Amino acid sequence: MFTQFMGENGKYNSLAGSMRMVQKAANKYNSQYSTLNAPLYILNDQVRQLLALEPAIQPTLTTAHQMDLILTTLGTMESLESIPSWHDSLAALFPNIKAKQVVGLLYGRPFDQDGHFLIDSSADKTFGISIDDILKVPIRVAVVNNKFKSYAVAAALRGNFLTDVILDEPTATKVLASNV
């Protein structure tokens with residue numbers, strides 16, 4: 001079964017939309033899937049907490065807590081800024097974080113070059129399962145084919161956010177040159 005474990009990234013008219021990716025992968029393998037009909041970020045803490053209890057959302061989150069493999073990619077501030085609703089809300093989403101600190105985004109959360117998430121759980125506006133639960137998933141694979149994300153890959157490896165990475169040759173070469 002394929003399960004969306006984070007809210008929708010907001011790329012509704014793109015094949016890179018979270019729900020579409022889950023549906024497409026499940027269809028490819030004639031499998032069942034479960035999606036989250038909610039945004040990736042929800043500013044209001046009470047809304048975020050109560051939405052997780054909704055009957056239409058709860059089964060997906062329950063299934064997500066049983067994952068044994070995550071397949072993901074890395075984001076950048078540029079990719080987040082390309083989505084109007086997130087671009088307009090960056091200060092509220094990531095208070096006290098300067099864009100220059102962010103080397104990448106993984107699981108909806110920004111991290112720095114040393115492999116540290118820049119948001120603690122009390123300030124996290126991400127909708128889905130917690131970062132602690134994500135990091136308990138035994139296999140966490142990122143697929144990256146963009147050499148401009150090599151610093152983010154290296155930092156994610158430093159932080160042990162991933163167990164495996166699948167890279168194209170230019171990205172792998174650049175990651176190796178960064179002295180992970």
Side-chain angles (χ1 to χ4, degrees), residues 4-14 16-19 21 36-52 57 61 64-65 67 70-137 140-165 167 171 174-175 177-180:
Q4 183 180 344
F5 64 99
M6 305 298 307
E8 176 61 35
N9 63 11
K11 294 186 176 187
Y12 301 113
N13 298 316
S14 166
S18 308
M19 279 192 253
M21 293 295 283
L36 282 176
N37 293 312
L40 177 58
Y41 301 109
I42 300 175
L43 291 176
N44 186 297
D45 295 337
Q46 187 175 17
V47 169
R48 193 174 52 262
Q49 292 162 2
L50 292 174
L51 185 59
I57 301 279
L61 292 175
H65 280 97
M67 291 186 299
I70 290 175
L71 184 61
T72 189
T73 193
L74 294 164
T76 62
M77 283 302 285
E78 291 79 15
S79 61
L80 189 65
E81 290 171 341
S82 73
I83 301 167
S85 57
W86 306 142
H87 176 271
D88 297 341
S89 304
L90 285 175
L93 293 173
F94 308 127
N96 305 319
I97 294 177
K98 294 177 179 47
K100 290 182 181 183
Q101 290 177 280
V102 179
V103 104
L105 289 124
L106 192 56
Y107 316 123
R109 290 134 173 127
F111 59 92
D112 66 16
Q113 68 181 2
D114 297 320
H116 299 113
F117 282 111
L118 296 170
I119 292 286
D120 64 29
S121 59
S122 66
D124 193 357
K125 303 301 180 188
T126 312
F127 185 75
I129 65 173
S130 72
I131 196 64
D132 290 336
D133 288 335
I134 289 169
L135 295 177
K136 290 177 187 172
V137 175
R140 300 177 308 277
V141 180
V143 178
V144 183
N145 64 350
N146 182 335
K147 67 182 179 179
F148 298 106
K149 293 184 179 182
S150 61
Y151 295 112
V153 171
L157 291 171
R158 278 186 213 103
N160 294 314
F161 304 152
L162 302 164
T163 59
D164 302 270
V165 292
L167 307 171
T171 307
K174 201 162 180 186
V175 168
S178 72
N179 296 319
V180 176

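Quick caveat: nothing in here was measured; it's all calculated off a predicted structure.
Using a 4.5 Å heavy-atom cutoff, the side chains of V144 and V165 are not in contact. Looking only at side-chain heavy atoms (C-beta outward), R109 and M6 come within less than 4.5 Å of each other. With contacts defined as side-chain heavy-atom distances shorter than 4.5 Å, the pair K174/V153 does not qualify. You'll find the side chain of T76 stays beyond 4.5 Å of the side chain of Y151, heavy atoms only. K147 places a side-chain heavy atom less than 4.5 Å from the side chain of T171. The shortest side-chain heavy-atom distance between I57 and F127 falls under the 4.5 Å cut-off.
Among all heavy-atom pairs drawn from N9 and W86, the shortest one is O-NE1, 2.8 Å. Minimum heavy-atom separation, A152 to G104: CB-CA, 4.1 Å. Residue L61 comes nearest to H65 through the heavy atom pair O-ND1, 2.7 Å, listed as atom of the first residue, atom of the second, then distance. Of all heavy-atom pairs spanning L43 and R48, the tightest one is O-NH1, 3.9 Å. Taking each heavy atom of A156 and L106 in turn, the nearest pair found is CB-CD2, 4.3 Å. When all heavy atoms are compared, the tightest approach of M77 to L105 is N-CD1, 3.7 Å.
With rounding to the nearest 0.5 Å, the separation of CZ in F117 from OH in Y107 is 7.0 Å. In this structure, NZ in K98 is found 13.5 Å from CG in D112, a value given to the nearest 0.5 Å. The line from CG of L157 to OG1 of T163 is 10.0 Å long, rounded to the nearest 0.5 Å. Of the inter-residue distances, the one linking F161 atom CZ with I70 atom CD1 reads 13.0 Å to the nearest 0.5 angstrom.
Applying the side-chain contact (heavy atoms from CB on, under 4.5 Å) test between I119 and each of I97, L93, N96 identifies I97 as the sole match.
Applying the salt bridge (charged side-chain N to carboxylate O under 4.0 Å, His left out) criterion to D164, with sequence neighbours excluded, gives no partner residue. Looking at residues two or more places apart in sequence or on another chain, you find a ring pair (Phe, Tyr, Trp, His ring centres under 6.0 Å) between F94 and Y41. Taking the side chain to side chain donor-acceptor pair (under 3.5 Å) definition, one finds that N146 meets it with nothing, sequence neighbours left out.
Side-chain N or O atoms of Q113 include none that pairs as donor or acceptor with a backbone N or O of V103 at under 3.5 Å. Between the side chain of S89 and the main chain of A92, no donor-acceptor pair closer than 3.5 Å is present. In this structure a side-chain-to-backbone donor-acceptor pair under 3.5 Å is present from R140 to N160. A side-chain donor-acceptor contact under 3.5 Å links T73 to the backbone of V143. In this structure, the side chain of R158 does not engage the main chain of G115 through any donor-acceptor pair within 3.5 Å.
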Stepwise side chain to side chain donor-acceptor pair (under 3.5 Å) check, S122 with D120:
CA-CA 6 Å; S122 66; D120 64 29; 2.7 Å; yes
Assess the residue pair F5 and D133 against the criterion (side chain to side chain contact (heavy atoms under 4.5 Å, CB included)); give the C-alpha distance rounded to whole Å, side-chain angles, the decisive distance to 0.1 Å, and a yes or no.
CA-CA 10 Å; F5 64 99; D133 288 335; over 6 Å; no
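Between the side chains of D124 and T126, at least one donor N or O lies within less than 3.5 Å of an accepting N or O.
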